[in-house]
Visitor: 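I am attaching a structure below and will ask some questions about it afterwards.
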Amino acid sequence: MSATLPGLERVLFTEEQIDRRIREVAAEISRHYEGRVLKLIGVLKGSIFFLTALARYLEIPVKVDFLAISSFSNKSGAPGVVRIAKDLDEPIEGEDILLVEDIVDTGFTLRYLLQTLSGRAPNSLAVCTLLDRTSRRIVQVPVDYRCFELPDRFVVGFGLDHNQLYRNLGYIAVMKP
Ligand code: IMP
Ligand code: MG
């Protein structure tokens, strides 16, 4: 299968591969949380496509909430400065929380989110990411569920953007350098 849009080098994961893998991970999650209510927390905007696909395959009662973050480099150009741009609508105290991410790269974003959310006393807090690029990890963060490990190339599609474009692609593609 070849990429259909200019700017894209090749398709890395097809729609079918993504769907099959999300179904597997959803089954794992449903087994683990059997008999409980799970709140999915999506990180806007990248994770909404993955979150909705995942939620459709979960066989446990599910609630959904969202937050948005902005991350930027500090003055010396080092990454890792993260803040909440839009907070959750509801408290999470006493709830079982699954943080749903599109991609974990350096780990800065996830570390910040886990610190912030764990301070709100959820019953449990776990992480599910569509993509994991462990080769670029700078801070160690726990990832409980991952769909795919990623090579060190910039990818777009299924929620992931480049300058806000390509999020709506059903597949995940490597950008041209
Ligand atoms: P980190 O784990 O804090 O480095 O940040 C991960 C964030 O960087 C993600 O939420 C994405 O917004 C962005 N990101 C990292 N790698 C990619 C990529 O390959 N494509 C699109 N966005 C990416
Ligand atoms: Mg993100």
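The analysis underlying the following values was restricted to heavy atoms, covering all of them including side chains, and did not include hydrogens, waters or symmetry mates. As the structure lists them, so they are numbered: ligands from 1, and atoms in each ligand from 1. Treat the numbers as computed from the prediction; the structure is a model and nothing was measured.
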Visitor: Could E24 and R21 be called an ion pair, given the rule that one side-chain N must be under 4.0 Å from one carboxylate O?
Guide: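 The answer is yes: the pair qualifies as a salt bridge.
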Visitor: T109 versus ligand 1: do any nitrogen or oxygen atoms come within less than 3.5 Å of each other?
Guide: yes
Visitor: Students often mix this up, so state it plainly: with edges at 30° and 60°, are the rings of H162 and F154 parallel, tilted or perpendicular?
Guide: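 H162 and F154: perpendicular rings.
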Visitor: Does ligand 1 come near enough to V155 that some N or O of the ligand is less than 3.5 Å from an N or O of the residue?
Guide: yes
Visitor: Check the pair L117 / L88 against side-chain contact (heavy atoms from CB on, under 4.5 Å), numbers first and verdict last.
Guide: CA-CA 10 Å; L117 295 177; L88 299 171; 3.9 Å; yes
Visitor: Do V37 and L99 belong together in a cluster built from hydrophobic side chains that touch within less than 4.5 Å?
Guide: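 Cluster IDs for V37 and L99 differ.
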Visitor: Tell me, do I92 and I41 make a side-chain contact under 4.5 Å, heavy atoms counted?
Guide: yes
Visitor: Do any heavy atoms of L110 fall under 4.0 Å from ligand 1?
Guide: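 Heavy atoms of L110 never come under 4.0 Å of ligand 1.
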Visitor: Between K63 and E90, is there a salt bridge with N-O shorter than 4.0 Å?
Guide: no
Visitor: Under the salt bridge (Lys or Arg N to Asp or Glu O under 4.0 Å) criterion, do K45 and D102 qualify, and how do the steps go?
Guide: CA-CA 9 Å; K45 310 188 245 309; D102 51 354; over 6 Å; no
Visitor: Could you check whether any heavy atom of G107 sits closer than 4.0 Å to an atom of ligand 1, since that is the contact criterion I want to use?
Guide: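 For ligand 1, residue contact (heavy atoms, under 4.0 Å) with G107 is present.
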Visitor: In this structure, does ligand 1 have an atom that sits under 4.0 Å from one of the heavy atoms of R133?
Guide: yes
Visitor: Quick test of your reading of the structure: of D102, I103, L113, whose heavy atom lies closest to atom 14 (N) of ligand 1?
Guide: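 Heavy atom nearest to atom 14 (N) of ligand 1 belongs to I103.
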Visitor: Which bit of H162 gets closer than 4.0 Å to ligand 1, counting heavy atoms only: side chain, backbone, both or neither?
Guide: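 No part of H162 comes within reach of ligand 1.
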Visitor: Give the atom numbers and elements of ligand 1 that come within less than 4.0 Å of a heavy atom of F108.
Guide: 3 (O)
Visitor: For D161, which part has a heavy atom under 4.0 Å from ligand 1: side chain, backbone, both, or neither?
Guide: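 Backbone only.
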Visitor: Less than 3.5 Å between some nitrogen or oxygen of L160 and one of ligand 1, yes or no?
Guide: no
